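What follows is one structure encoded as structure tokens, with my remarks underneath.
Below, read A as the first sequence line, B as the second, and so on, with proteins coming before strands; counting in each chain starts at 1. Keep in mind that what you see is a predicted model, and the values were worked out from it rather than measured.
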There are 2 protein chains.
Amino acid sequence: MPRLARKPSVAVRAAPLRPPAQSAENFRRSRRDRAVETAQDYVEAIADLTGALGEARVVDLARRLGVTHVTVNRTVARLQRAGYVNTQPYQAIFLSAAGRKLAEECKRRHETVVAFLRSLGISEKVAELDAEGIEHHVSPETLAAFERLLKKP
Amino acid sequence: MPRLARKPSVAVRAAPLRPPAQSAENFRRSRRDRAVETAQDYVEAIADLTGALGEARVVDLARRLGVTHVTVNRTVARLQRAGYVNTQPYQAIFLSAAGRKLAEECKRRHETVVAFLRSLGISEKVAELDAEGIEHHVSPETLAAFERLLKKP
DNA sequence: ATAAATATGTAGCCTTAGATACAATTGAAT
DNA sequence: ATTCAATTGTATCTAAGGCTACATATTTAT
């Protein structure tokens, strides 16, 4: 069985390749973002439900997030361990101070992203859809740029 | 222990709340995106490494993606089952036709997102960083808007 | 007051995605 | 030809985040 050399003496194509360190850092941040996305989605949903209904119940969260109540239950328990929410068995779920703060930030960012996409001519529906995924990866610098452009069209 | 009514007869605040169906759909898509992000990141990295070095080895992928070789190994096996790559034990990893196609799309989208962010005045570094997370959530409609605005400044 | 419906909780299973520790293979140098 | 370092593979652990099935509370309706 013929074997390929570890590194061909002559590179097939001389494409410039950024040093892996930077690249790896970007992927790591992207993964880290992913890990906090859930928390953000939940606190945002809890804030909305609390605003609209006076409290956030497990079933309502499940419906809203499109998962079963079991998933909500387990995640809420984790969020409580992390200090974002307060709840007791068979009771509604309320945000802690930290949770409210996080929810505020998320809501503002979400609305900015949606408004920015809308300003580019994206439809309401798609803007909401894309924002849901995009918002978690928008750095402060990029968010600031969005806000700046929304003010000066 | 006092108990809260399931639904307070009078809503504390009359905030309009989109029907959960749409919201749930958005979250579901966002989660589905997450599931294919990995595949996209890998085929993109494999394409880059193949271009630069002639082949993609496990260690290089690991360095580039910022994970251990074990994670790469397992993921590559999954990508092979999914038909995106071809490889054999102790050999380099090559893209299949489907993998090359996916890599092309990802690369184009990645570059568009970076260019668009750059055009907003975002720094090179942050543009790359944010794009890494954002690109996976940009719908065709939004991508088209980005391209349109890049042509007409 | 009791029964039914709804809501919540628990047990257990699957997949993805990270890790360490150790084993086996390969490529290169002596 | 043998050794040695690097690469790759395997076993096993952890945690998040889905799920179904079933058990327990709670709320509502009769």
Side-chain angles (χ1 to χ4, degrees), chain A residues 1-9 20 24-25 27-42 45 49 53 55-82 84-85 87-94 136, chain B residues 1-9 20 24 27-42 45-46 49 53 55-82 84-85 87-94 136:
Chain A
M1 206 189 290
R3 272 145 210 161
L4 292 168
R6 174 67 189 80
K7 296 215 178 184
S9 41
E25 243 336 288
F27 284 113
R28 281 209 202 87
R29 197 200 73 150
S30 190
R31 282 197 300 272
R32 208 176 328 121
D33 286 349
R34 235 172 282 179
V36 294
E37 276 180 42
T38 310
Q40 298 185 350
D41 288 344
Y42 272 71
L49 288 170
L53 305 175
E55 59 178 21
R57 309 290 318 204
V58 172
V59 272
D60 299 318
L61 277 172
R63 267 192 281 270
R64 203 186 156 78
L65 298 167
V67 296
T68 65
H69 78 277
V70 184
T71 302
V72 170
N73 219 316
R74 183 164 15 81
T75 306
V76 165
R78 189 164 58 80
L79 293 181
Q80 187 161 34
R81 285 198 301 275
Y84 288 120
V85 307
T87 184
Q88 285 178 341
Y90 294 99
Q91 303 285 26
I93 299 135
F94 297 99
H136 302 292
Chain B
M1 205 189 291
R3 273 148 207 158
L4 292 167
R6 174 66 189 83
K7 295 217 175 180
S9 39
F27 284 113
R28 281 208 202 87
R29 197 200 72 149
S30 190
R31 283 196 301 272
R32 207 176 330 123
D33 286 349
R34 236 170 283 180
V36 296
E37 275 180 44
T38 310
Q40 299 185 349
D41 288 344
Y42 273 70
I46 292 167
L49 287 171
L53 306 175
E55 58 178 22
R57 308 291 317 204
V58 172
V59 271
D60 299 318
L61 277 171
R63 266 193 281 271
R64 199 185 159 81
L65 297 167
V67 297
T68 64
H69 79 277
V70 185
T71 301
V72 170
N73 219 315
R74 183 163 16 81
T75 306
V76 165
R78 188 163 58 79
L79 292 182
Q80 186 162 34
R81 286 197 300 274
Y84 288 119
V85 307
T87 184
Q88 284 177 341
Y90 295 99
Q91 302 286 24
I93 299 135
F94 297 99
H136 301 291

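- Atom pair B/Gln91:CD and C/dT26:P shows a separation of 8 Å (rounding to whole Å applied).
- Rounded to a whole Å, the CZ atom of B/Arg28 is 13 Å from the C1' atom of D/dC19.
- In this structure, B/Arg74 places its CZ atom 8 Å from P of C/dG18, rounding to the nearest Å.
- The distance from atom CG of B/Asn73 to atom C1' of C/dA21 is 15 Å, rounded to the nearest whole Å.
- No donor-acceptor pair under 3.5 Å is formed between the side chain of B/Arg64 and the backbone N or O of B/Leu49.
- Remark: C1' of D/dA6 and CZ of B/Arg57 are 11 Å apart, rounded to the nearest angstrom.
- Note: CG (B/Asp41) to C1' (C/dT16) measures 14 Å, nearest angstrom.
- In this entry the distance linking CZ of B/Arg31 with P of D/dA16 reads 17 Å, nearest Å.
- A donor-acceptor contact shorter than 3.5 Å is absent between the side chain of A/Arg29 and the backbone of A/Ala24.
- Two residues, A/Pro89 and B/Val70, neighbour DNA chain D, and the one matched to the more 5' nucleotide by heavy-atom proximity is B/Val70.
- Here the C1' atom of nucleotide D/dA16 and the CZ atom of B/Arg34 are 11 Å apart, to the nearest Å.
- Residue B/Thr38 places none of its side-chain N or O atoms closer than 4.0 Å to OP1 or OP2 of C/dT16.
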What verdict does the side-chain contact (heavy atoms from CB on, under 4.5 Å) test give for A/Val76 and A/Asn73, after you've listed the backbone C-alpha separation in whole Å, the side-chain angles of each residue and the deciding distance to 0.1 Å? CA-CA 5 Å; A/Val76 165; A/Asn73 219 316; 5.7 Å; no

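- Closest to the side chain of B/Tyr90, out of C/dT25, D/dG18, C/dT8, is C/dT25.
- Contact between the side-chain N/O atoms of A/Thr68 and the OP1/OP2 oxygens of D/dT20 is not found at any separation under 4.0 Å.
- C/dT8 has its base stacked against the ring of A/His69, the centroids being under 5.5 angstrom apart at an interplanar angle below 30°.
- The pair A/Glu25-A/Arg28 counts as a salt bridge, with a side-chain nitrogen and a carboxylate oxygen less than 4.0 angstrom apart.
- For the pair A/Arg63 (side chain) and A/Val58 (backbone), a donor-acceptor distance under 3.5 Å is absent.
- In this structure, of D/dT7, C/dA19, D/dC19, it is C/dA19 that holds the atom nearest to the side chain of B/Val67.
- Comparing B/Gly66 and B/Arg81 by the nucleotide of DNA chain C whose heavy atom lies nearest to each, the residue mapping closer to the 5' end is B/Arg81.
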